[in-house]
Amino acid sequence: MRFGVPNPAMARLPGLAELLSPHTLVLGRRACRRDPHLEALLAWGRKPSAAWAEAEARRRGLPLWRAEDGFLRSLGLGPEDPPLALVLDDTGIYYDSTAPSRLDRLVAADLSPEERRRAVELRQAWCAARLSKYNGARESPPPDDDFVLVVDQTAGDLSLRWGAGDAEAFAAALAAALADHPRHRVVVKQHPDVVAGRKHGHFSPAQLRHDRIITMADGGHPVALLERATAVYVVTSQMGFEALLWGRPVHCFGLPFYAGWGLTVDRRPPPAWRQGGADLERLVHGVLVGYSRYRDPVSGAACGPERLIEHLALQRRHLLAVPTDLVAYGFRRWKRPVLRRFLRGPRGSRLRFRRLGAPAPAPGTMAVVWGRQAHLPAPSLQLEDGFLRSVGLGANLIEPLSWVVDRSGIYYDCSAPSDLERFLAGHGFAPEERRRAGALRERIVAAGLTKYNLQADPWRRPPMDDGRPVLLVPGQVPGDASIRFGVPADSAVRSNADLLAAVRESQPEAYLLYKPHPDVVAGLRHGGAGERHCPGLADEVLLHGAMDHLLGVVDAVHVLTSLTGFEALLRQRPVHVHGLPFYAGWGLTQDSLRCGRRGRALQLDELVFGALIHYPIYVCRRSGDHIPPELALDQLLDWRSQPAQPLGLRRRLLRRWRPLQERLFGDRFSSRSR
């Protein structure tokens with residue numbers, strides 16, 4: 001259908017074309033007036049801005065359709081979080097109780113068994129994800145006592161004007177809640193816009209001055225209140241519908257879209273077209289499936305409600321894990337926007353930046369640092385690159401797709417447990433977790449992905465007919481934190497040269513292939529003492545080679561703490577470990593050292609689940625939203641397929657400044673650089 005969208009604000013709405021797909025849109029009043037092929041005009045609900053579309057539809061004899069925000073709208077409020085769902089109505093609009101809407105027709109219709117199952121599963125998924133229309137705030141805490149909930153709304157809300165709601169209805173709802181439940185607390189939930197001072201509600205201070213009334217004015221997420229309330233009293237708020245999803249009794253003092261179907265206690269007579277009644281599955285299917293349209297914020301494409309529920313559930317899980325008040329120490333300016341994406345907290349959260357060495361934050365504030373610091377402000381979040389990072393080197397200031405955020409320690413520090421180590425040591429892995437990890441591992445191996453995904457020619461095994469094993473020894477950046485904190489001070493092997501010497505001594509007949517770290521090869525970091533003698537220990541020094549290909553053709557890998565050992569495990573290659581990286585000590589590697597906190601025998605896919613699914617945070621390159629590792633893998637593959645982009649002047653200068661700092665500060669550089 002060819003829709004005219006004359007409202008400029010609606011025409012600029014991000015994702016409008018996907019939300020209204022497959023309809024064709026004609027944007028702007030001038031274009032609408034000039035287009036002779038329009039089949040309908042689209043207005044935004046019953047707002048005053050709909051007047052032009054209404055008049056033009058009458059003048060041209062065209063149908064008028066109306067759109068509104070969907071019932072599962074977005075993470076946050078306002079224009080900074082545009083809607084991820086819309087409703088589209090060719091008859092009226094759902095909150096207008098003076099005439100039937102398309103939603104009324106949908107709810108009145110019978111469901112097939114498949115549609116009924118889908119409605120049940122959607123309701124379960126909605127409640128399991130603890131969602132609401134907006135989802136960017138922490139949950140309002142319910143009182144310990146039994147309580148009923150009264151929901152306030154903003155004055156002038158169109159759903160009140162068209163849903164038979166007024167100030168008297170709110171007064172009646174509050175009075176009924178007090179009278180119906182004389183032994184209960186009465187929680188009055190104020191609207192977030194009222195809490196913020198942008199709008200007014202319907203209750204005066206005098207009305208709320210009662211020894212059983214608790215005013216909830218935190219602007220918080222309503223789910224815990226809906227889950228725990230004995231009953232919910234509303235005028236026309238969507239929270240009445242959400243209360244039905246939670247199985248709460250709902251008392252309606254207006255005529256919202258969910259009233260009049262026999263599912264609520266109604267204080268006003270229902271419209272004639274709703275008196276036939278409906279069950280909850282018909283209401284849920286009509287509201288969330290038949291009436292609403294959704295957009296996947298990651299792909300940008302149209303999607304179903306299940307995908308959006310899954311997406312918003314993931315956002316809330318990561319959002320609620322972030323402390324409300326953060327102070328980040330020592331982060332360079334180029335990394336600060338990245339930090340804001342990875343540590344996006346709930347509405348009202350604060351993230352500030354301080355120089356390294358600045359005073360510790362005030363009590364109640366969480367410090368954020370990069371990696372392992374010698375003197376950590378406590379408590380702290382410690383950040384590091386994830387194991388599927390990017391296409392390109394971090395030293396080139398290539399922004400990451402994944403980070404890890406650790407409250408206990410950090411994965412490469414063997415001196416203390418990290419969140420990852422605690423998880424691997426104590427988690428009871430379910431079969432579906434192993435299956436998910438196995439599928440992810442197989443995709444990574446099939447795609448040839450590694451941490452940095454650098455392009456290089458494949459290496460060929462030398463022609464040998466004496467059966468000598470080919471052993472890969474990957475180098476690391478000298479002074480790297482994973483060596484400083486992942487190898488005990490009394491270990492005999494603490495450098496690349498030590499590692500090569502140890503491997504040569506233990507397997508004198510082997511063909512040793514040494515590959516220096518890409519940062520060292522690129523001149524972005526300095527090599528270590530003794531590495532210039534590597535040709536005397538290694539049979540071949542390979543400066544450039546595709547790591548994925550190498551892992552497929554060598555016979556075994558010897559590492560100190562390099563992530564290459566983990567990547568070799570993914571490909572089920574034998575791995576000999578001379579330090580204590582996170583993947584050692586679980587029965588999957590040949591270990592020279594022992595860690596007393598480890599020792600549990602893990603299956604490979606249990607390690608993979610912990611390291612690639614549970615521990616890291618993945619962020620979409622396009623939207624900035626959190627994504628699961630499977631989608632991160634899709635984005636890495638797409639990123640790798642694109643032509644390499646040249647570094648800008650600023651990044652070229654910064655990447656050359658790093659080696660100079662190493663020369664100036666020596667070992668102190670690792671504690672200065674972020």
Side-chain angles (χ1 to χ4, degrees), residues 75-76 129 135-136 138 297-298 310-328 331 334-347 349-351 353 366-372 379-391 394 398-413 418-424 427 433 436-437 440-441 444 449-453 481-482 563 566 582-583 607-636 639 674:
L75 189 65
N135 297 280
R138 295 190 187 276
V298 175
E310 176 187 44
H311 173 83
L312 290 174
L314 181 65
Q315 307 317 298
R316 281 197 60 77
R317 180 164 67 83
H318 286 295
L319 177 125
L320 295 176
V322 176
T324 301
D325 197 4
L326 297 172
V327 176
F331 285 84
W334 77 270
K335 196 174 275 190
R336 292 179 182 182
V338 185
L339 187 65
R340 290 192 183 278
R341 288 203 302 273
F342 277 90
L343 291 183
R344 179 172 60 167
R347 189 167 66 241
S349 298
R350 184 168 63 159
L351 172 61
F353 294 92
M366 181 75 75
V368 182
V369 295
W370 185 259
R372 180 71 169 88
S380 298
L381 297 181
Q382 295 159 78
L383 276 58
E384 258 292 354
D385 284 335
F387 308 126
L388 290 173
R389 184 193 186 278
S390 58
V391 176
I398 302 297
E399 293 187 359
L401 195 66
S402 70
W403 273 358
V404 300
V405 179
D406 202 306
R407 292 172 179 264
S408 304
I410 197 68
Y411 67 88
Y412 53 70
D413 182 1
S418 66
D419 289 352
L420 176 58
E421 184 183 285
R422 293 179 190 274
F423 180 81
L424 293 174
H427 182 68
E433 291 175 332
R436 183 183 177 192
L440 181 66
R441 174 177 56 82
I444 290 170
L449 284 176
T450 56
K451 181 176 182 178
Y452 294 116
N453 302 291
S482 72
L563 185 64
F566 177 63
F582 70 91
Y583 51 85
L607 174 66
V608 171
F609 185 88
L612 296 184
I613 296 176
H614 171 79
Y615 190 48
I617 296 172
Y618 299 90
V619 169
C620 175
R621 297 182 69 214
R622 189 180 71 85
S623 69
D625 289 333
H626 294 290
I627 55 176
E630 292 84 357
L631 286 181
L633 185 56
D634 292 339
Q635 293 197 2
L636 272 175
W639 189 358
R674 297 292 165 267

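Along the sequence shown, residues carry numbers from 1.
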Engineer: Closest approach of Y615 and S418, non-hydrogen atoms and distance?
Structural biologist: OH-CB, 4.5 Å
Engineer: Please check if any side-chain donor atom of H427 sits under 3.5 Å from a side-chain acceptor atom of E433, or the reverse.
Structural biologist: yes
Engineer: Supply the atom-to-atom distance D325 CG to R350 CZ, rounded to the nearest 0.5 angstrom.
Structural biologist: 4.5 Å
Engineer: Within the distance-only criterion (no hydrogens, no angle test), does the side chain of R336 pair as donor or acceptor with the backbone N or O of F331 below 3.5 angstrom?
Structural biologist: yes
Engineer: Would a 4.5 Å heavy-atom cut-off, applied to side chains only, mark R138 and T324 as touching?
Structural biologist: yes
Engineer: Can you tell me if R422 and S408 form a side-chain donor-acceptor pair at under 3.5 Å?
Structural biologist: yes
Engineer: To the nearest 0.5 Å, what is the distance between CE (M366) and CG (L351)?
Structural biologist: 12.5 Å
Engineer: What distance separates Q635 CD from L388 CG, expressed to the nearest 0.5 Å?
Structural biologist: 12.5 Å
Engineer: Identify the heavy atoms of P629 and Y618 that sit nearest to each other, and give their distance.
Structural biologist: CB-CE1, 3.6 Å
Engineer: If we ignore hydrogens and angles and just use 3.5 Å, is the side chain of Q315 paired with the main-chain N or O of H311 as donor and acceptor?
Structural biologist: yes
Engineer: Carefully, step by step, assess W370 and W403 under the rule side-chain contact (heavy atoms from CB on, under 4.5 Å).
Structural biologist: CA-CA 11 Å; W370 185 259; W403 273 358; 3.5 Å; yes
Engineer: So which pairs with a foot in residues 616-634 pass salt bridge (Lys or Arg N to Asp or Glu O under 4.0 Å), sequence neighbours left out?
Structural biologist: R344-D625, R436-E630, R443-D634
Engineer: Could you give me the CA-CA distance, side-chain angles and deciding distance for I613 and V608, then say whether side-chain contact (heavy atoms from CB on, under 4.5 Å) is met?
Structural biologist: CA-CA 7 Å; I613 296 176; V608 171; 5.6 Å; no
Engineer: Can you list the steps and then say if I627 with V619 is a side-chain contact (heavy atoms from CB on, under 4.5 Å)?
Structural biologist: CA-CA 6 Å; I627 55 176; V619 169; 5.9 Å; no
Engineer: Does any N or O in the side chain of S402 come within less than 3.5 Å of the main-chain N or O of P616, such that one atom is a donor and the other an acceptor?
Structural biologist: no
Engineer: In the structure I gave you, are the side-chain heavy atoms of F609 and L424 within less than 4.5 Å of one another anywhere?
Structural biologist: no
Engineer: For V368 and V327, what are the C-alpha separation, side-chain angles and deciding distance, and is it a side-chain contact (heavy atoms from CB on, under 4.5 Å)?
Structural biologist: CA-CA 6 Å; V368 182; V327 176; over 6 Å; no
Engineer: If I take atom OH from residue Y583 and atom CG from residue L607, how far apart are they, to the nearest 0.5 angstrom?
Structural biologist: 10.0 Å
Engineer: Is the closest side-chain heavy-atom distance between L636 and L401 below 4.5 Å?
Structural biologist: yes
Engineer: Is a salt bridge present between K335 and E399, judged by a nitrogen-to-oxygen distance below 4.0 Å?
Structural biologist: no
Engineer: Does H614 reach the side chain of D419, with side-chain heavy atoms less than 4.5 Å apart?
Structural biologist: no
Engineer: Is it the case that the side chain of R372 and the backbone of I410 share a donor-acceptor pair, with hydrogens and angles ignored and the cut-off at 3.5 Å?
Structural biologist: no
Engineer: Is the backbone N or O of P346 less than 3.5 Å from a side-chain atom of S349, with the two atoms forming a donor-acceptor pair by type?
Structural biologist: yes
Engineer: Starting at CZ of F387, measure out to CG of L449 and round the result to the nearest 0.5 Å.
Structural biologist: 15.5 Å
Engineer: Measure the spacing between CG of L339 and CG of L381 and express it to the nearest 0.5 Å.
Structural biologist: 9.5 Å
Engineer: Tell me if the centroids of the rings in F582 and F566 come within less than 6.0 Å of each other.
Structural biologist: yes
Engineer: Taking all heavy atoms of D385 and all of P400, pick out the closest pair and write down the distance.
Structural biologist: OD1-CB, 4.2 Å
Engineer: For the residue pair P297 and S623, what are the closest heavy atoms and their distance?
Structural biologist: O-CB, 3.3 Å
Engineer: Any sub-3.5 Å donor-acceptor pair from Y411's side-chain atoms to E384's backbone N or O?
Structural biologist: no
